[in-house]
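In the text below, chain A, chain B and the rest are named by the order of the sequence lines, each starting its count at 1. Remember, it's a predicted structure, so these values are computed and weren't measured experimentally.
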There are 4 protein chains.
Amino acid sequence: MVREERKEREFQTRRTEILEQAEKIFAARGYHNVTMAEIASASGFSTGSLYQYFTGKENLYSTMICDKLDLMYRRVRDQVKKAEGIEGKIEAIISAHFLFVEENTDFCRLFLPGENTIISEVMLSMREKMIADYRQHLIFIENILKVGTKNGYLRNLPVDALARALFGLIRTTAIDWMIKPATKKMTMQKDFILEIFLRGVKQNEK
Amino acid sequence: MVREERKEREFQTRRTEILEQAEKIFAARGYHNVTMAEIASASGFSTGSLYQYFTGKENLYSTMICDKLDLMYRRVRDQVKKAEGIEGKIEAIISAHFLFVEENTDFCRLFLPGENTIISEVMLSMREKMIADYRQHLIFIENILKVGTKNGYLRNLPVDALARALFGLIRTTAIDWMIKPATKKMTMQKDFILEIFLRGVKQNEK
Amino acid sequence: MVREERKEREFQTRRTEILEQAEKIFAARGYHNVTMAEIASASGFSTGSLYQYFTGKENLYSTMICDKLDLMYRRVRDQVKKAEGIEGKIEAIISAHFLFVEENTDFCRLFLPGENTIISEVMLSMREKMIADYRQHLIFIENILKVGTKNGYLRNLPVDALARALFGLIRTTAIDWMIKPATKKMTMQKDFILEIFLRGVKQNEK
Amino acid sequence: MVREERKEREFQTRRTEILEQAEKIFAARGYHNVTMAEIASASGFSTGSLYQYFTGKENLYSTMICDKLDLMYRRVRDQVKKAEGIEGKIEAIISAHFLFVEENTDFCRLFLPGENTIISEVMLSMREKMIADYRQHLIFIENILKVGTKNGYLRNLPVDALARALFGLIRTTAIDWMIKPATKKMTMQKDFILEIFLRGVKQNEK
DNA sequence: GATGAATGAGCGTTCATTCAT
DNA sequence: GATGAATGAACGCTCATTCAT
């Protein structure tokens, strides 16, 4: 029935609206320093209504986190798909990640070293999903690198470790940039990372 | 006076005892999910006594964090001092860090991505100290690398970026290991990181 | 909207209910010896609810005090307005005050000499309001007496001091009565005060 | 034994020292806002030692209050003894009281309307003693006035009410002065009070 | 006797969640 | 369905008093 569909559509719209407001607030102040009342008033709902869209505060938080992380990983994959050649794809992994961080700094700041929030079932399963997604992403990177290994462009090293190394360079650059955002755009460091990753820091012996 | 000294010594002993118990508990459950009563009972004191050693929960937490971080950086610097040659020193940076993480896994887990706890003065100043210490450590690494750059062992690249890259590889390995501690010892990945960092991942052209 | 109005009305009803219960309890045991839990249970609310009507314990206390004092001063002024002639008005000042004290003995007991409660902003501003109201009341009395001074009924003495003297006689009678409430009604002493105030205690020389 | 005596003397000296410091602190901040630790440190003793001189905080407080009140009443009586004639003695009652208030303003401020502190046995018995002393003082005043009544200097009115009236005028002047201490010395209002009390406020009919 | 560290009951206040309207 | 007032458990922290040294 059309009625049903519209309802469902409105439901999703409202849910998204809440999540967007919640993201801003959580990003600014952290999970524990935010009250449901604040999220309710920021998103134009009553506290009671929040519980129609989410089972509780933890669920709201973890949903927001997971949704946004999914978006990040998807963005990276999309850009990689468009890029060509090994080097092009590696470049895309780096710059898509940086772009996301630049565009969602507040959100990403939630992932700076901080308090371990895991205590309940809900939070635990969120953590597990986050880890699974992270692993998935590493595997995605591995697969890109595998091609390079196979066709001899890259040295024959264990791809999982290679992927971790590449992601480590990306992650550390993002962390440092978030700590001191005054710096120039992160994107400018893409080439440097790429250079280090590909050619190492050591002087080539003649 | 001897009496005074012994008192002071006992005070420090007890303070340390509290910090050690607090570390375990905070590491396991995060700042907000831990109560002063728990820390008190775990360390064999009354809640009131905790306030003789620390001005409050935040102070107890941030003291614990800062003390332990200081220890980590000190450990790394000590090992590096003992090591010889550029490569030896870089190796020491990596393995001392890994060793610390392996020996203090629970503590280090507090630095996995998590909630932004900063809200009060106390927590803010803790954060600032942490960042300052981190920067200091990067500079320490820079200075090691600078030698290599000067004597031609390393390529002539901006040392701050090099230091960040090295630390990024170390950090990411530690994070991944903590997420899935079942893996074999981190120390075994030292050589790999060193290899990647020094020679890059790209096949040398003939 | 009617709905809104009823809500507001109910809010006020409940607030008043809390204030009434709080008055009884505070009057019986003093500010510091009363807990929010007691007030909550006496007024049939949960502790949390109290904070919907008042910002905290101090606010609840000072609101109660100020409201009731306002009532007292208003009562006196109303009675004076109805009375005729200088002497009638002075009589009204005395008897309206006594009546209020008799009807609100517990509340008035809060003003017996006791602990200085002023420490916080809230309590300080309450004290200031109380003093301001008291001064206002003295001025009100002054204005009554001024008429008598002008038309030659009263001796030509400084009205502020006269007002203070009259109020002093009233206050002291009330204090003494509250200390030993077994005595017969205060109202019976009205005439005596009036007599003393108007004619003094000295035998007229012939 | 002499040894015993000296001990006793020292004990009293120390007790008095504590009481003096306690008075300052209580006067400034009120019973509940003062801690035993503060009194201990202000008087140069340990918290434990305080309990050798007083059975607890309440006992310390009530002792201080009673001692000082005794002093006040004694002062007044001493001055009255020296004065001559009814009017002289009444004058002495007024001015000795004012003098005490001026010299011990902080202490007297403890008796401004404020929180009812009575809750425990100790405080209750303090209150009772205070009331008894107050009554005693009123009787003392009565006895002075009785002489005047008998010899025809004063009108033939109930002396208890007369005493209360006189004390009311004194008290109210003191209260008002303490509320707004900027005013000129209270002593200057002595004559006014005397005038009102003796001759009343009403114009004498010819 | 003197000390002051240790105690722990008790407080005001917050906030996720519920449910009568 | 939507509301937001009501709930009440839980927390960090204080401080009078005790007692081992």
Side-chain N or O of [X] versus OP1/OP2 of [N]: is the shortest distance under 4.0 Å?
{"X": "D:T47", "N": "E:dG4", "result": "no"}
{"X": "C:Y53", "N": "F:dA6", "result": "yes"}
{"X": "D:R14", "N": "E:dA2", "result": "yes"}
{"X": "A:S46", "N": "F:dT3", "result": "yes"}

Give the rounded distance in Å between these two atoms: [atom1] of [X] and [atom2] of [N].
{"X": "D:R29", "N": "F:dT14", "atom1": "CZ", "atom2": "C1'", "value": "14 Å"}
{"X": "A:Q52", "N": "E:dC19", "atom1": "CD", "atom2": "C1'", "value": "12 Å"}
{"X": "B:F54", "N": "F:dC13", "atom1": "CZ", "atom2": "C1'", "value": "16 Å"}
{"X": "A:I18", "N": "F:dT3", "atom1": "CD1", "atom2": "P", "value": "10 Å"}
{"X": "B:E17", "N": "E:dA5", "atom1": "CD", "atom2": "P", "value": "19 Å"}
{"X": "A:H32", "N": "F:dG12", "atom1": "NE2", "atom2": "P", "value": "11 Å"}
{"X": "B:M36", "N": "E:dC11", "atom1": "CE", "atom2": "C1'", "value": "16 Å"}
{"X": "B:I39", "N": "F:dG12", "atom1": "CD1", "atom2": "P", "value": "8 Å"}

remark   = By the Watson-Crick or G-U definition, both distances under 3.5 Å, F:dT21 is matched with E:dA2
query = Taking a pair as Watson-Crick or G-U wobble with both distances under 3.5 Å, which nucleotide is matched to E:dC11?
reply = F:dG12
query = Base, sugar-phosphate, or nothing for C:S49, non-hydrogen atoms under 4.0 angstrom?
reply = base
Touch class at under 4.0 angstrom, heavy-atom based, for B:F11 against every strand present = nothing
message = Rounded at 0.5 Å granularity, tell me how far CZ in A:F11 sits from OG1 in A:T13.
response = 10.5 Å
key: Per C:Y51 side chain, nearest of listed nucleotides F:dC13, E:dC11, E:dT13   = E:dT13
key: Nearest-neighbour nucleotide for the C:K57 side chain, E:dA6, E:dG12, F:dT7 considered   = E:dG12
message = Whether the side chain of B:K68 engages the backbone of B:C108 through a donor-acceptor N/O pair (distance < 3.5 Å, no angle test) should be reported.
response = no
task = Would you mind telling me which residue lines up with the more 5' stretch of DNA chain E, A:G56 or D:G48, judged by nearest nucleotide?
result = D:G48
note = Whichever of C:E38 and B:L50 has the more 5' nearest nucleotide on DNA chain E, that residue is B:L50
request  = Would you kindly say whether B:S46 and B:S49 are connected by a side-chain donor-acceptor distance under 3.5 Å?
outcome  = yes
Could you tell me if the side chain of [Y] sits less than 4.5 Å from the side chain of [X], heavy atoms only?
{"X": "A:R109", "Y": "A:D106", "answer": "yes"}
{"X": "B:D67", "Y": "B:L71", "answer": "no"}
{"X": "B:L19", "Y": "B:F54", "answer": "yes"}

query = Mapping D:A37 and B:T55 to their closest nucleotides on DNA chain F, which lands nearer the 5' end?
reply = B:T55
